[in-house]
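Working notes for the structure below.
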Protein chains: 2
Amino acid sequence: MSINQETVRQLPIPELARHCAELGIGGVGLWRAPVQDYGVERAAKTVHDAGLTVTSLCRGGFFTVADPDARAAALADNRAAINEAAALSTGTLVLVSGGLPAGSRDLHGARERIADALAELAPYAAERGVRLAIEPLHPMYASDRCVVSTLGQALDLAERFPADQVGVVVDTYHVWWDDTVSAGIARAGAGGRIAAFQLADWVTPLPEGVLLGRGQLGDGCVELRWFRQRVDAVGYPGAVEVEIFNPALWARDGREVIAEVADRYRTHVA
Amino acid sequence: MSINQETVRQLPIPELARHCAELGIGGVGLWRAPVQDYGVERAAKTVHDAGLTVTSLCRGGFFTVADPDARAAALADNRAAINEAAALSTGTLVLVSGGLPAGSRDLHGARERIADALAELAPYAAERGVRLAIEPLHPMYASDRCVVSTLGQALDLAERFPADQVGVVVDTYHVWWDDTVSAGIARAGAGGRIAAFQLADWVTPLPEGVLLGRGQLGDGCVELRWFRQRVDAVGYPGAVEVEIFNPALWARDGREVIAEVADRYRTHVA
């Protein structure tokens with residue numbers, strides 16, 4: 001099990017590392033902004049000195065802009081993200097691929113621009129030991145965050161590239177509702193494409209803006225154990241990362257939240 | 001073009017009918033609650049005397065409860081809805097099939113209970129000249145309103161029954177994001193399964209609860225004209241119904257809203 005940093009964003013990196021180590025959790029997923037604030041090399045040292053691995057870095061992406069200058073800036077920023085992932089010794093850079101540009105209605109064009117960006121970035125990443133991981137986001141984010149909405153779409157994109165260069169993220173929050181997800185996981189596993197597996201539960205009502213409504217494990221309606229068993233069955237060798245954006249968890253003591261997540265994990269996932 | 005009653009819920013049925021007729025709109029989609037309040041026979045007479053057809057009645061469904069008493073009540077209520085549809089001389093009863101029962105995580109079981117309910121209700125409806133229309137709802141409603149989330153799923157269910165008994169609804173708000181929707185529309189058209197075609201645009205940010213965020217035609221990112229052309233191309237013979245739940249429209253003069261919808265329709269759909 002790994003704790004994604006945003007699950008306990010109230011914790012500075014040293015406390016995050018210390019509490020995880022004390023609670024027997026072997027990995028953390030990190031985010032670029034807090035890592036940059038703390039210092040990339042310093043974050044790497046702090047986490048590794050605590051005996052933890054970095055299971056993923058969030059996030060690159062936002063590849064769908066059409067304007068050439070904005071596009072060049074996005075690619076440069078993604079190269080920086082790849083460098084940061086390499087410095088953190090994580091093999092996985094999670095991508096939130098981008099929504100529709102302002103005023104555009106062209107989903108197909110946006111998806112093709114993602115493929116173009118992957119073609120430019122994947123070799124650069126591979127040279128640094130980093131695999132790009134396309135995360136399909138729930139269709140409610142299709143217009144403003146990610147036009148890749150299903151695991152099947154993510155695989156259609158990833159499979160244009162070598163498996164060691166481009167993989168996919170299976171995040172229960174985003175894909176739980178999809179009746180084709182079992183087949184998608186099998187396809188991803190057979191191709192060695194599952195780069196990350198993330199957990200959050202689905203709870204309603206959704207909050208305004210629908211970004212911060214991810215539920216604590218067991219509080220919602222997702223068959224979390226079924227998902228864990230499915231990715232296990234298809235040979236996913238990596239960490240199970242718990243990623244919950246929820247202000248109610250951020251308002252609590254961070255160590256207590258990590259302990260609760262670990263407990264919920266035992267009850268609902270393991 | 002047809003105006004769904006909920007687009008201008010501020011209008012009583014006589015004003016709805018009068019304004020539509022004056023503005024050259026040939027149909028209305030009605031909802032059970034306001035029709036019951038006004039009187040079913042009286043509503044039928046008011047609308048028909050204005051020269052309008054009733055393009056659909058919303059809504060039956062909520063078939064996913066497992067408790068036998070609740071299930072019997074749901075079936076009885078759906079028979080009443082079918083009778084109301086027949087009394088309104090509409091051939092289409094739109095179904096919102098239901099979410100997961102409280103505490104359940106069993107999407108497959110819920111979907112099978114929908115199929116069981118359709119098997120009970122479809123012949124009853126057909127005898128009364130009413131076709132049941134399964135509406136796939138956006139995946140953000142999967143837990144609490146409708147476990148049928150894609151056009152493909154809706155067709156998988158509908159195709160277990162004769163095409164004149166069970167069809168599907170294509171509502172742009174629910175399916176716009178899906179890269180398989182073009183194939184789904186072709187499949188639905190070839191099978192004579194498109195029972196209703198509804199329009200709303202997709203705008204963000206989504207409001208809390210995500211129910212009342214449907215956008216006026218042209219305000220969002222949906223290729224509305226592409227959808228209209230697609231359903232035309234596969235031989236859909238019915239009305240194009242505009243269904244927008246949006247408090248900003250409800251706060252305005254209802255006749256003005258209908259006129260604006262008609263204008264937007266000409267610009268973005270026709």
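Values below: every heavy atom of this structure, side chains too, minus hydrogens, waters and symmetry copies. Lettering follows sequence order; numbering is per chain, from 1.
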Interatomic distance, A:M140 atom CE to B:M140 atom CE [nearest 0.5 angstrom]: 8.0 Å
Straight-line distance of B:W226 CH2 to A:D106 CG, nearest 0.5 Å: 12.0 Å
Region of B:S104 in contact with chain A, defined by heavy-atom distances below 4.5 Å: backbone
Nearest heavy atoms of B:W177 and A:L107, plus distance in Å: CA-CD1, 4.1 Å
Among the listed options B:S143, B:G103, B:S149, the residue most often paired with chain A at heavy-atom distances under 4.5 Å: B:S143
Side-chain heavy atoms of B:R105 within contact of A:R225, under 4.5 Å: no
Atom group of A:P139 that falls short of 4.5 Å from chain B, counting heavy atoms: both
Straight-line distance of A:Q153 CD to B:T180 OG1, nearest 0.5 Å: 8.5 Å
B:L206 versus chain A, the contacting section by heavy-atom distance below 4.5 Å: both
Region of B:W176 that comes under 4.5 Å of a non-hydrogen atom in chain A: both
Proximal component of B:D179, with respect to chain A [non-hydrogen, under 4.5 Å]: both
